Structure formats: C-alpha cells, structure tokens
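Working notes, structure below.
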Amino acid sequence: MRKLSVNQKIMMLTFFIIVFSFLIAGTFVIGSLLKEKEEDIGQEAMLVARTVANLPEIKTLLQSNDFETASATINEMVEEIRFINQADYIVIMDIDRKKYSHPSSREIGQVSKSSDMDPAFVEHYYLSKANGDQGTTIRAFVPIMNEFNIQVGVALVGFILPSATQIFTDYQSEILITIAISVLFSIWGAHTLGRHIKLQMFGLEPHEISKLYVERTETFNAMHEGIIAVDKDLNITIFNKKASEILGVEGEHSLYIGKNIYDVLPDTRLPEIVLSGKPVYDQEIYVNEHSILSNRIPILVNGKKVGAVAVFKDLTAFKQLAEELTGVKAFVQALRVQTHEYKNKLHTISGLLHLGHIKQALEYLSQVQDEHDTVTKFLNERIYNENISGLLLSKISRGKELGIAVNLDKESKFTKFPEKLDHHDFVVLFGNLIENAFDSFSSVYGEEKEINISIDDNDGMLAILISDNGAGMSEEIQNHIFESGFSTKDKEGRGIGLYLVNEIVQKGNGTIEVTSEINKGTTFIITFEI
C-alpha cells in the first residue's frame with residue numbers, strides 16, 4: 001500500500017478537524033438558538049398574557065353570574081387573540097380556577113387542580129416550563145385584577161418550544177450554504193497549508209526529517225568543539241556533548257535542549273548576539289568558571305534573526321602551549337637583550353683597562369653589579385610571580401637598550417591575581433602596555449624618555465599605572481584604541497594589543513582609564529578587585 005504524502009496527511013487531518021469542529025460548534029449554536037428562542041417565546045407569552053389580563057371586558061365577564069354567556073364571549077375573544085399571536089393555548093380562569101376559555105371546548109367549565117398555578121392566584125407574575133405530549137411548553141401566568149385592584153382570575157398563555165430538528169429545518173438553507181462554503185475553504189486551506197509546510201521542510205517527508213535530525217545530533221556530538229545554539233527566545237536548540245564537558249555542566253547534555261540559556265549558563269554572552277545580530281570571532285570569555293575561545297554568530301533565515309550559535313574550544317591546552325612558546329620567546333629575547341647589554345659593558349670595561357684606568361674599571365663593574373642585584377632583589381621580594389618578574393626585568397633591560405628609562409615604583413607590590421585572571425593575562429597586559437609606551441617614543445627626539453610603572457596591591461584592590469612622556473594621542477585616536485584591528489602604525493598584524501588588554505580587564509571585572517595629551521605622554525590606570 002502506497003504511503004500518504006505529507007500534503008495528503010495534512011489535508012485529511014485538517015478535514016477531520018473541521019468536520020469535528022462543525023459538530024461541536026453546531027451543538028453549541030443550536031443550543032444557543034434554542035435558549036434564545038426560549039427567551040423570546042417567554043417574553044412573547046408574558047406580553048400576550050398581560051394584554052389579555054388587562055382587557056376590561058374579560059375583567060367584567062369574570063364577575064358575571066351567567067357562566068355560559070361569559071365563557072362563550074371570553075373564549076371567542078381569546079381565540080381571536082390566540083390566532084393572531086400564534087399561541088398554542090390561552091386559558092382564562094376565575095378566582096376559583098374555573099376555566100372560561102380553552103382551545104378544547106371540553107375543558108371549558110372544568111376546574112384546574114395543577115399546583116404550579118398556585119402563585120398566580122396570589123397575585124404573582126411568572127413563567128414556567130412544562131413537558132407534555134406535544135413537547136416542552138413555555139407558560140406565562142398573569143393575575144387578572146378588577147377596577148378595585150382585587151384579583152378576579154388568572155390569564156395563562158402557552159407556546160410550545162420548537163425542537164432542534166425544527167430549528168435545523170427553519171435555518172436549513174443558511175446552514176447548508178455555510179457548511180458548503182466552509183468545506184470548500186477548508187479543503188483549499190488544507191491544500192495551501194500542506195504545500196507551505198512541505199516547502200518549509202524542503203520537500204522532505206517526516207521519516208527523512210527524523211533521519212536528518214539523528215544524523216545532525218550525532219555529528220554535533222562527534223565534534224571536538226563545543227557547540228551551543230539558541231533561538232530568538234533564547235531557548236537552547238543545540239547543546240552537544242563536548243560543550244557540557246568543556247563547561248563542566250552536570251547531567252545529560254540533551255536534557256538542556258528547550259531550556260532558557262539563562263537557566264543553564266547565564267554568562268555565555270549569546271543573548272547579546274541575538275540582540276545585536278553582529279558576529280564575534282576568536283574572543284576569549286569566561287563561562288561557568290571556564291576560560292574558552294569563542295566564535296559567536298547570529299543565525300539568519302531569509303535575512304531575519306532566528307537565533308545564535310556559539311562554537312568554542314577550551315583554552316586550557318592552548319594556554320599551556322602558549323605558556324611554553326611565550327617562555328621560549330621571552331627567554332630568547334632576554335638572552336638577546338642581556339647579550340647586547342653585557343657586550344656593551346664588557347667593551348666599556350675593556351676600554352678602561354686598556355687605558356690603564358683599573359680603579360675606574362673596578363668601580364664601574366661594582367656599580368653594574370649593584371644595579372642588577374638591586375633590581376633583581378626588588379622584583380623577587382615585591383612581585384610574587386616569576387613570570388611577571390621576568391617580564392618586567394626584560395622590559396627594563398629593553399628600555400636601556402632603546403635609551404628609555406623604565407622606572408618601577410619602589411613601593412610597588414603584587415601578591416594576588418584578581419578572580420578569573422592568571423599570569424598569562426598579566427603577561428599580555430604588561431607586555432602590550434609597555435611595548436605601546438616604547439612605540440610612543442618612535443617620533444620623539446632629544447628629550448629624556450621615561451616609562452613609569454606602579455603596581456599597588458592594597459585593601460582588596462589592585463591598581464596598575466603605566467605612563468610615558470612620549471608622543472601622546474589625540475582625543476579621536478583615544479576613542480578607538482580598544483577596537484580590534486585599529487592601529488596608528490602602517491604594519492600588518494597591528495591593532496590587537498590594546499584590544500586584548502581591554503578584553504582582559506573586562507574578564508576580570510576591572511576598569512581601565514586612559515589620559516593622554518599630544519607631545520606630553522599617555523597614562524593607563526587599571527584597577528581590579530582582589
């Protein structure tokens with residue numbers, strides 16, 4: 001047997017739903033019509049009963065002693081009114097419940113013993129419903145009062161309620177036309193909906209979509225990168241196994257599908273991509289106490305934002321490799337600087353000895369040794385991380401090579417890293433800021449060149465100040481220095497240093513302040529809570 005297509009299934013299901021809806025709606029509509037008809041008939045019955053009860057002739061005849069004449073006259077009057085108003089019956093009774101009119105002549109003169117009439121004989125106006133052989137009847141009871149406001153009888157008017165079949169028969173044309181139009185539009189709508197859904201599903205059948213979903217899920221789980229995607233409402237649509245491993249999220253990763261990203265990982269920074277619609281590449285962020293390298297990209301369908309996806313890697317392994325490479329590079333640079341520095345000092349000592357100034361050579365040698373020992377001792381005692389100490393020592397030596405005095409404040413102290421940051425971050429921070437200060441002297445000549453460094457670790461705050469008396473920056477340049485790729489140097493690969501510095505400051509929840517003036521220098525002040 002040939003399987004039904006998506007379009008055919010949708011049409012059948014839609015048609016069934018519409019038919020079922022018509023049955024439900026029809027039940028309610030007919031019920032509503034019956035209720036409305038009942039209210040209308042009740043009002044009409046009461047109006048007719050009041051009209052009859054207020055006729056002066058009937059009031060007079062009910063007080064007559066000649067029953068035969070009175071009943072004949074009343075019955076004739078009432079039957080005419082009944083015929084005009086299409087009532088099923090109108091019964092006039094005196095105060096003793098004796099009937100003066102009735103559609104059946106056999107009932108005239110009979111005494112009614114029905115108990116539901118009792119309130120009518122004590123001056124009550126009301127409607128009641130009674131079930132009989134011909135169906136349900138709505139009855140209106142109205143007391144008849146004489147000119148002295150004394151009750152002399154009761155007017156009873158009855159209308160039989162139409163059945164559901166009668167209601168349907170009365171509105172047969174309208175109902176059939178409505179059903180026909182609705183069915184035609186339903187078939188057209190189901191066909192259109194089926195085509196639209198199939199287009200949305202790229203012409204695939206449900207079993208093909210199911211297969212693709214399984215393949216996609218397994219592909220994502222086999223990848224070595226963490227992948228998290230959210231829709232426009234920030235609900236997670238993709239959360240692969242590697243993502244849960246990298247970020248240390250407990251439980252089965254598939255359980256987080258459909259949950260809001262804020263309830264699982266409030267610091268992914270994916271929501272800002274959904275809002276801005278701008279991608280961010282190769283950014284280091286701190287998520288769930290894990291440092292990751294993230295690419296965050298908006299998901300666009302037909303030009304509209306429907307969500308965002310983050311692809312990321314754990315930076316732990318990369319940092320270990322970077323630490324080794326950085327250490328080798330720093331070691332090579334330190335060796336080069338020291339070789340150049342000591343070569344110059346040896347030339348000086350050699351020249352003094354050749355000239356016979358032995359005393360001056362010894363004094364110079366002692367001075368060099370004292371300077372080196374003083375700086376080394378200070379760094380070992382005040383800076384409690386050998387990586388940062390080594391960096392600062394190499395920058396001081398580098399400054400001497402360039403003819404720039406790198407002055408480290410004697411009160412400086414560094415004992416603790418801020419939360420989320422480590423020595424890798426501070427090597428990048430100090431290295432870039434000091435290198436930028438060196439670059440600021442590239443167009444400055446004939447002045448005393450100085451770079452001042454101060455590190456204040458006190459009262460739960462870490463404050464870092466790096467200032468120079470170099471070329472300075474204009475206000476326009478200051479507005480862009482932290483943008484990735486912005487540089488005043490026409491060299492490839494520049495414009496990333498201060499961007500990285502700013503990223504590190506943000507990761508550590510710190511602040512960075514820049515003051516600069518053309519031809520007077522630049523000062524960076526960075527603060528962290530520790």
Side-chain angles (χ1 to χ4, degrees), residues 32-171:
S32 178
L33 286 173
L34 284 172
K35 185 176 180 182
E36 185 178 342
K37 194 72 173 177
E38 181 179 331
E39 292 176 356
D40 292 341
I41 289 174
Q43 291 177 2
E44 186 176 359
M46 182 59 71
L47 179 61
V48 174
R50 285 178 180 274
T51 302
V52 172
N54 287 322
L55 290 174
E57 295 88 345
I58 291 179
K59 293 179 181 181
T60 302
L61 291 169
L62 283 177
Q63 300 176 74
S64 171
N65 295 324
D66 186 357
F67 174 78
E68 294 295 334
T69 304
S71 62
T73 304
I74 289 175
N75 192 61
E76 185 179 353
M77 293 173 57
V78 165
E79 280 300 302
E80 185 177 353
I81 295 172
R82 183 180 73 84
F83 179 77
I84 293 172
N85 291 276
Q86 297 181 346
D88 288 287
Y89 57 82
I90 298 177
V91 179
I92 302 296
M93 294 172 284
D94 62 14
I95 198 66
D96 296 322
R97 303 194 180 198
K98 191 174 183 179
K99 299 176 183 178
Y100 279 66
S101 72
H102 197 281
S104 174
S105 57
R106 290 178 300 176
E107 290 290 325
I108 296 175
Q110 301 296 319
V111 176
S112 177
K113 297 180 181 180
S114 178
S115 61
D116 65 345
M117 296 184 183
D118 294 346
F121 287 93
V122 288
E123 301 182 14
H124 282 284
Y125 297 73
Y126 62 95
L127 293 170
S128 74
K129 189 187 297 185
N131 294 319
D133 296 336
Q134 295 180 340
T136 303
T137 305
I138 298 296
R139 302 184 299 173
F141 294 88
V142 175
I144 301 173
M145 314 296 291
N146 66 10
E147 63 271 18
F148 302 107
N149 203 29
I150 297 173
Q151 185 173 1
V152 294
V154 169
L156 167 61
V157 177
F159 284 85
I160 296 175
L161 281 176
S163 64
T165 305
Q166 289 175 315
I167 292 287
F168 182 83
T169 303
D170 292 341
Y171 294 95

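For clarity, every value in this text was computed on a predicted model and none was experimentally measured.
More than 12 heavy atoms of other shown residues, nucleotides or ligands fall within 6.0 angstrom of atom CD in Glu147. Surrounding CD of Gln110 are more than 12 heavy atoms belonging to other residues, nucleotides or ligands, all under 6.0 Å away.
Of the possible donor and acceptor atoms, none in the side chain of Ser101 sits under 3.5 Å from a partner among the backbone N and O of Ile74. For the pair Asp96 (side chain) and Lys98 (backbone), a donor-acceptor distance under 3.5 Å is absent. Side-chain atoms of Asn75 never come within 3.5 Å of backbone atoms of Ser71 as a donor-acceptor pair (strictly under, hydrogens ignored). Looking at Gln151, its side chain does come within 3.5 Å of a backbone N or O of Ala120 through a donor-acceptor pair.
Nearest approach of Asn149 to Met145, heavy atoms of both residues: O-CE, 3.3 Å. Contact between Ala53 and Pro143 at its shortest, heavy atoms only, is CB-O, 3.9 Å. Pairing each heavy atom of Asp66 with each of Ser64, the nearest pair is N-OG, 3.1 Å. Ala49 and Ala155 get closest at one heavy-atom pair: O-CB, 3.9 Å. Of all heavy-atom pairs spanning Tyr89 and Pro103, the tightest one is CB-CG, 3.2 Å. Nearest heavy-atom pair across Phe121 and Asp94 is CE2-O, 3.3 Å.
One distance of note links CD1 of Ile81 with CD1 of Ile58; it measures 5.5 Å at 0.5 Å rounding. The line from NZ of Lys59 to CG of Asn54 is 5.0 Å long, rounded to the nearest 0.5 Å. The CG atom of Asn131 sits 9.5 Å away from the CG atom of Leu161 when rounded to the nearest 0.5 Å. Annotation: the span from Arg97 atom CZ to Ser114 atom OG amounts to 7.5 Å, rounded to 0.5 Å. Between the CG atom of Asn85 and the CD atom of Glu80 there is a distance of 10.5 Å, given to the nearest 0.5 Å. Atom CZ in Arg106 sits 11.5 Å away from atom NZ in Lys99 (nearest 0.5 Å).
Using a 4.5 Å heavy-atom cutoff, the side chains of Thr73 and Glu57 are not in contact. In this structure, the side chains of Ile90 and Val157 come closer than 4.5 Å at one or more pairs of heavy atoms. Counting only heavy atoms from C-beta outward, the side chains of Thr137 and Asp88 never approach each other to under 4.5 Å. In this structure, the side chains of Leu61 and Ile92 stay at 4.5 Å or more apart for every pair of heavy atoms. No side-chain heavy atom of Met117 sits less than 4.5 Å from a side-chain heavy atom of Val154.
Every residue meeting the ring-ring contact (aromatic ring centres under 6.0 Å, His included) condition with Tyr126, not counting sequence neighbours, appears here in chain and number order: Phe141. Remark: Tyr100 engages Phe67 in a ring-ring contact (aromatic ring centres under 6.0 Å, His included) (not counting sequence neighbours).
In this structure, Lys35 does not pair ionically with Glu38, as no charged nitrogen and carboxylate oxygen lie closer than 4.0 Å.
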